Amino acid sequence: MTVATKADAEAEVRLAAGEEHRWTVEAAPADGAIGVAFEARIDAPDLSGSMYFMELLVDGVPVEASIDRLRHRLRNKAAVIEGEPALAWQLPDIAWRVVYAPSFDPEHTGGHGPEGFRFVLDLDGLARAGSTIAIRRRQVPFCEAELVVRGLRTIDLPAADEPPADWVLADDTLHITDDGAVQVGGGAGGGAGADAVWRTNVRVGPAARQIGPAGLEFDGLRIDRRATIADGRVHVTDRLTNTTDRDLGVVFEHALALPAPAPEVRLGGPETPGVVRAWAPWNPTLFAPLGPVSVGLVVEDDAQRAQCVYRYDGATGTATARTERLVIGGRGTVELTTALYALPHADYFDFANRIRQDWGVTVTLDGPYWWGWVPETVLHRSVDELAEIITRTGTTAAVTGGGWVDTLKGEADPRTIGFGVGVAHEWFADYRRRLAESVRLLRGAAPDLRIAVYDHMFLTTLEDEPEQFRDSWMMKSTTERQITSFAPEYKPGMGVVPTTDNSFGHTFAAEIDRQIDDLGFDGIYFDETNFPSGVLERSFSVGHWDGVSGTVDQQTGEVVERVGYTWLLAREYQKRLFESLRNRGVWVLGNGQPHTTDANRETWPRFTETHATLLRAYEAHLYAPMAYSFGSWTMAEIRDRLRVGLVPCTTGPEDAICVVRHFFPITPTELHAGWMKGPERVIATEDGQYGWDGEFNYRLLRFDADGMALTPEEGAAESEVSVRVPEGGVAVLERRP
């Protein structure tokens, strides 16, 4: 349903999920900018938080909180509500945050500030006289409450300040100053002509210092620093030693002071100017293009990757990577490694490619995968039908969906869902039988097909004993266990962390062996390889120590409690488990990109979920740039993912165009906006010159906007082939023997 009439500005409009209200701009101001003001809330009996429920569009174009880092559309409040976690008022590619509340009474805004309901937005460059403003209640699973909007009106706003004139950082040489800062430019010796400065600050309790070129020592902390410069990179190793017998809480911050406020600074990959704070262990970077060149910072050790929060202050032009959770045990040491790059280009993807090269990332993507089959999608088909699906789609692996749900049980909500070792419960006995029969059918259809089963190592269900796996529980606090609720129709999953010496770790490893030996699987798919759903920045277990993390009182520096990030606690366990599976010849696929140095050196594929938002693509740029979505793709969806540096990897019986089968195998050596290169092939969405050094034979495949294949071309070339991509289509240049 669409509400298409202009309403009285004081009227209250109620929108159910999927409904929208439209407002026509009658006139543009003679001076200044067109703005819009209104109040919005989600109708709820009590104040209970907020969520991304509201879409705002002008003539069909989504309105975002900021134009760039220096110009903001949201005028009446900061783009982010500071706290833990920080709450952005708008997420690009998703929607605007709205508070749950029973009324517009100011006391119902809770922790969202005095302007919690009110939005004042600058629509300069988007709206004009006659434009249509649309407010839509976004459809969000498991919530049907109405979006309530009142006081909608267009207003005149003072014109925003113009961004500063362009400036150019012409010299991309690096220098280390006497006080330990890193300068960019300024000639052979740096000095007065230098521009960007990287400083590292450290604080223990109220005392703060800047780390010098050799390090420093104060208040029970000694830092020994080693720094090297080579190929446009400063690589710094800081060895922190606690010279006391007690735990030491440390605040460690890298501050990158740009030569002027920059319109583009990326925090953890994406250019999302309305997001001023990010946590990104999968892509632990800061990046800023400075005219024709750029600077980028990456934290490399596991502690900083887990803990760092990345921020940008447009007023001062300062980008920071900061951890406030670093804990060093009595007489202990922690080693932190960081690198700053000065690059002769301004392309984020060139920065990501340089990191991949320096880290030695080499992972072959071996799709596509028939994703999400369950016994009922296999057992009703004949061997011939299954063989046709596998051949037509080019499927290299068939992966079950999950968690495990036996729909034949006819269970009333909430239904039982299987995670962890819960899949071994008697409840799933018949489901396991049907899985084994499905494996036999698939083997008969395609003897070389890899067949993988869904598993989750950070959640478990169907615990028979209340205290089962207590030594393995993931704890939200010293008294509360982490519980993940997916939807009202499913029973919750219970948080666990497997280690080499706890009960869940041993039991889970035995369950994996049983699935291979008894059910016939030769592949394992691990969902959420780093932490369970719903925790994100708080993905740690209280009371379990990973050796580097804790809650630190920011005033005194005292360590309140030790904590452990789940993937750091499970690091050795995962390493042994994956090695054991490889030694048995078992194929492994994961969901979620590496958060540790060792994991980035692995060679087994992982994908990233992109069906909800393409912003998650940036999680995958430093390891396996592979995009999950449901198994049926349009060419537009394929092109959208290639534009953000990812290749789609899923297929299935419903795949009507079967284009993704031609994207594999590929071992990515270069990622770009719209094309990807590996030694096996180049996948492109735009015309260009593509190829490899020296002479090579090739086959060129091209697909139009409907996914229809054009006539292939074959030939030999030296260095490059001129490729024309059909409008709205994709081209694949295959290297042939």
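Every value quoted in this text rests on a predicted model; they were computed, and no experiment measured them.
The aromatic rings of W567 and H595 sit perpendicular to each other, their planes meeting at more than 60°, with 30° as the lower class boundary. Using cut-offs of 30° and 60° for the angle between ring planes, the H112 and W89 rings count as tilted.
For K575, the NZ atom sits in a loose shell: 12 or fewer heavy atoms of surrounding residues, nucleotides or ligands are nearer than 6.0 Å. Residue R239 places its CZ atom among 12 or fewer non-hydrogen atoms of other residues, nucleotides or ligands, all under 6.0 Å distant.
At distances below 3.5 Å, not a single donor-acceptor pair connects side-chain atoms of D219 with backbone N or O atoms of A207. Between the side chain of T610 and the backbone N or O of T613, no donor-acceptor pair lies under 3.5 Å. In this structure, T243 contributes its side chain and G220 its backbone to a donor-acceptor pair below 3.5 Å. Within the 3.5 Å criterion, the main-chain N or O of R305 finds no donor-acceptor partner in the side chain of D301. Side chain of N600 to main chain of L622: a donor-acceptor pair is present (N/O by atom type, distance under 3.5 Å, no hydrogens or angles). Judged purely by atom type and a 3.5 angstrom limit, D302 has no side-chain atom pairing as donor or acceptor with the backbone of L568. In this structure a side-chain-to-backbone donor-acceptor pair under 3.5 Å is missing from T608 to Y628. In this structure, R203 contributes its side chain and V251 its backbone to no donor-acceptor pair below 3.5 Å. Side-chain atoms of Q554 come within 3.5 Å of backbone atoms of V552 as a donor-acceptor pair (strictly under, hydrogens ignored).
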Listing, residues 284-296 side-chain donor-acceptor contacts under 3.5 Å, not counting sequence neighbours, or none:
from: T285; atom 1: OG1; to: N283; atom 2: OD1; distance (Å): 2.8
from: S294; atom 1: OG; to: H345; atom 2: O; distance (Å): 2.6

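Partners of Q555 by side chain to side chain contact (heavy atoms under 4.5 Å, CB included), not counting sequence neighbours, listed by chain and number: D553. Checked against side chain to side chain contact (heavy atoms under 4.5 Å, CB included), N353 has the following partners two or more places apart in sequence or in another chain: D350, R356, E670, L671, H672.
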Please lay out, stage by stage, how W604 and F578 fare under the test ring-ring contact (aromatic ring centres under 6.0 Å, His included). CA-CA 9 Å; W604 55 275; F578 299 151; 4.7 Å; yes
Step by step, work out the ring-ring contact (aromatic ring centres under 6.0 Å, His included) result for Y565 and F540. CA-CA 4 Å; Y565 285 86; F540 50 78; 5.5 Å; yes
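In this structure, the ring of H621 has its center no less than 6.0 angstrom from the ring center of Y623.
Applying the side-chain hydrogen bond (donor to acceptor under 3.5 Å, both in side chains) test between R199 and each of T177, T318, D179, T320 identifies D179 as the sole match.
There is a side-chain donor-acceptor pair under 3.5 Å between N201 and E253.
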